[in-house]
Amino acid sequence: MLTSRARILLSALLRDLPGRHHILTLHTGHTMSTTIALRHGGWDLGHPPVVERLTTTLAGGRTAALIMRTFTDRISHTLPNGVDIPVKIVRGWRVAAHTLVPLDEAEMFDAHCTDAASGEPLPPELGVEFTAAPPIDLADFHTR
């Protein structure tokens, strides 16, 4: 069960982003992820504590990162065993000063296609499209 503030955050985050999602939070105590699917006017969350931890991090003004993968209906490729792999749209935000700061397409590409240890470029994952994250209105979140 999500707190009301976590529901407000999730609603703001997903307001204009249809589809099945997977979110990853970084530096919120430890890295966590969950799946999110819209079901019957609500959400089906694989691991609700991820959203609660993000809510606490955002409300507390701490820094973190939020990455969202959205699974589309388009097929990127088919595996040899016949499984279709969907195109995934990847976007992200920096969590800072009680807000979500959208990252642009180039920042997302660099974050995902650079080896963290060596700084060397990595090839992009097959079927992934990097895109700019939209601004998120957190007015309702901050009035709670």
Side-chain angles (χ1 to χ4, degrees), residues 1-79 83-117 119-144:
M1 186 77 176
L2 289 177
T3 61
S4 62
R5 200 163 196 196
R7 283 193 301 274
I8 290 168
L9 174 58
L10 201 52
S11 179
L13 186 62
L14 300 176
R15 179 167 291 127
D16 296 320
L17 301 174
R20 290 182 308 119
H21 307 282
H22 176 264
I23 61 172
L24 171 68
T25 59
L26 305 167
H27 308 298
T28 55
H30 59 282
T31 301
M32 298 176 74
S33 69
T34 188
T35 56
I36 303 170
L38 187 59
R39 302 249 195 267
H40 311 292
W43 300 286
D44 181 11
L45 292 172
H47 193 58
V50 173
V51 180
E52 292 294 347
R53 187 176 301 267
L54 178 61
T55 300
T56 301
T57 299
L58 185 61
R62 295 190 300 275
T63 59
L66 170 63
I67 307 299
M68 181 185 296
R69 287 176 169 250
T70 301
F71 297 85
T72 71
D73 292 333
R74 295 181 289 141
I75 302 302
S76 163
H77 58 283
T78 303
L79 297 176
V83 173
D84 290 334
I85 304 299
V87 171
K88 294 167 283 302
I89 298 171
V90 177
R91 58 181 63 92
W93 296 263
R94 203 171 41 254
V95 180
H98 304 280
T99 192
L100 295 173
V101 180
L103 300 176
D104 64 28
E105 180 181 344
E107 290 171 312
M108 288 307 302
F109 182 88
D110 288 346
H112 282 81
C113 298
T114 304
D115 183 273
E120 294 295 315
L122 298 170
E125 182 182 343
L126 188 60
V128 170
E129 295 177 1
F130 300 99
T131 190
I136 304 296
D137 180 1
L138 294 174
D140 290 341
F141 178 83
H142 291 302
T143 59
R144 287 288 177 157

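Below, all heavy atoms of this structure are taken into account, side chains as well, without hydrogens, waters or symmetry copies. Numbering of residues begins at 1 and proceeds along the displayed sequence.
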Peer 1: Out of curiosity, His142 NE2 to Ile8 CD1, how far, rounded to the nearest 0.5 Å?
Peer 2: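 Nearest 0.5 Å value for the NE2-CD1 distance: 11.0 Å.
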Peer 1: Has the side chain of Ser11 got a donor or acceptor atom that lies under 3.5 Å from a matching backbone atom of Arg7?
Peer 2: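 Not confirmed, Ser11 side chain does not pair with Arg7 backbone.
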Peer 1: With no hydrogens and no angle check, do the side chains of Thr70 and Arg91 hold a donor and an acceptor under 3.5 Å apart?
Peer 2: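 Yes, side-chain donor-acceptor contact under 3.5 Å.
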Peer 1: Taking Ala96's backbone N and O only, do any of them form a donor-acceptor pair with Thr99's side chain (distance below 3.5 Å, no angle check)?
Peer 2: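 No; judged by distance alone, with no hydrogens or angles, the pair does not exist.
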Peer 1: Is Lys88 close to Glu125 at the side-chain level, that is, under 4.5 Å between some pair of heavy atoms?
Peer 2: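 Touching, per the 4.5 Å side-chain cut-off.
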Peer 1: Closest approach of Ala64 and Thr57, non-hydrogen atoms and distance?
Peer 2: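 Minimum heavy-atom contact is CB-CG2, 3.8 Å.
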Peer 1: List the steps and the verdict of side chain to side chain contact (heavy atoms under 4.5 Å, CB included) for Asp44 and Ile36.
Peer 2: CA-CA 6 Å; Asp44 181 11; Ile36 303 170; over 6 Å; no
Peer 1: Could you tell me which non-hydrogen atom of Thr114 sits nearest to which non-hydrogen atom of Asp110, and how far apart they are?
Peer 2: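 Reported closest heavy-atom pair: OG1-O, 2.7 Å.
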Peer 1: How long is the span from the CH2 atom in Trp93 to the CD1 atom in Ile23, to the nearest 0.5 Å?
Peer 2: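 Separation between the atoms: 9.0 Å.
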Peer 1: Just wondering, are more than 12 heavy atoms of other shown residues or ligands nearer than 6.0 Å to CG in Asp73?
Peer 2: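 Open.
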Peer 1: Check whether any side-chain heavy atom of Leu79 lies under 4.5 Å from a side-chain heavy atom of Ile85, and answer yes or no.
Peer 2: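 Heavy-atom side-chain distance check passes, below 4.5 Å.
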Peer 1: Write down the atom of Thr143, the atom of Asp140, and the distance for their closest heavy-atom approach.
Peer 2: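 In terms of heavy atoms, the two residues are closest at OG1-O, 2.8 Å.
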Peer 1: With a 4.5 Å limit on heavy-atom distance, are the side chains of His22 and Ser33 in contact?
Peer 2: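 The answer is yes; the side chains approach within 4.5 Å.
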Peer 1: If you measure from OG1 on Thr35 to CZ on Arg69, what distance do you get to the nearest 0.5 Å?
Peer 2: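 Here the interatomic distance stands at 13.5 Å.
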Peer 1: Which distance, rounded to the nearest 0.5 Å, do you find between the CZ of Phe71 and the NE2 of His21?
Peer 2: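 Nearest 0.5 Å value for the CZ-NE2 distance: 10.0 Å.
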Peer 1: Counting N and O atoms only, with roles assigned by atom type, does the side chain of Ser76 sit under 3.5 Å from a partner on the main chain of Val87, one being a donor and the other an acceptor?
Peer 2: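 No, Ser76 side chain to Val87 backbone: no donor-acceptor pair under 3.5 Å.
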Peer 1: Do the side chains of His77 and Asp84 get nearer than 4.5 Å, heavy atoms only?
Peer 2: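 Asp84 vs His77: side chains apart.
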Peer 1: Quick one: does Thr34's side chain have a donor or acceptor within less than 3.5 Å of a partner on Gly46's backbone?
Peer 2: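 Checked: pair present.
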Peer 1: Table please: side-chain donor-acceptor pairs of residues 126-138 below 3.5 Å, with sequence neighbours left out.
Peer 2:
| residue | atom | partner | partner atom | Å |
| --- | --- | --- | --- | --- |
| Glu129 | OE1 | Arg74 | NH2 | 3.1 |
| Glu129 | OE2 | Arg74 | NH1 | 3.0 |
| Glu129 | OE2 | Arg74 | NH2 | 3.3 |
| Asp137 | OD1 | Ala139 | N | 2.9 |

Peer 1: Yes or no on side chain to side chain contact (heavy atoms under 4.5 Å, CB included) for Leu103 and Arg94, after CA distance, side-chain angles and deciding distance?
Peer 2: CA-CA 7 Å; Leu103 300 176; Arg94 203 171 41 254; 3.3 Å; yes
Peer 1: Can you tell me which residue among Leu54, Thr63, Thr25 is in a side chain to side chain contact (heavy atoms under 4.5 Å, CB included) with Val95?
Peer 2: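 In the set Leu54, Thr63, Thr25, the residue that makes a side chain to side chain contact (heavy atoms under 4.5 Å, CB included) with Val95 is Leu54.
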Peer 1: For Met68 and Leu14: C-alpha separation, side-chain torsions, deciding distance, then whether side chain to side chain contact (heavy atoms under 4.5 Å, CB included) applies.
Peer 2: CA-CA 10 Å; Met68 181 185 296; Leu14 300 176; 3.6 Å; yes
Peer 1: Going by heavy atoms in the side chains, are Val90 and Ile67 under 4.5 Å from each other?
Peer 2: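 Val90 vs Ile67: side chains touch.
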Peer 1: My understanding is that only one of Leu26, Leu24, Val101, Leu13 makes a side chain to side chain contact (heavy atoms under 4.5 Å, CB included) with Leu66; could you say which?
Peer 2: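 It is Leu13; the other options fail the test.
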Peer 1: Say you draw a straight line from CG of Leu9 to CZ of Arg5; how long is it, rounded to the nearest 0.5 Å?
Peer 2: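 Result: 9.0 Å between the selected atoms.
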Peer 1: Under 3.5 Å, side chain of His112 to main-chain N/O of Glu107, donor-acceptor pair present?
Peer 2: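 Absent.
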Peer 1: How about Thr3 and Glu52: does a side-chain donor come under 3.5 Å of a side-chain acceptor?
Peer 2: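 A pair is found: one side chain offers a donor N or O, the other an acceptor, under 3.5 Å apart.
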Peer 1: Checking side chain to side chain contact (heavy atoms under 4.5 Å, CB included) for the pair Leu45/Leu2: CA distance, chi angles, key distance, verdict?
Peer 2: CA-CA 10 Å; Leu45 292 172; Leu2 289 177; 3.4 Å; yes
Peer 1: Do Cys113 and Pro121 touch side chain to side chain, with heavy atoms closer than 4.5 Å?
Peer 2: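 The answer is no; the side chains never approach within 4.5 Å.
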Peer 1: Between atom OG of Ser4 and atom CZ of Phe141, what is the distance when rounded to the nearest 0.5 Å?
Peer 2: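 These two atoms lie 10.0 Å from each other.
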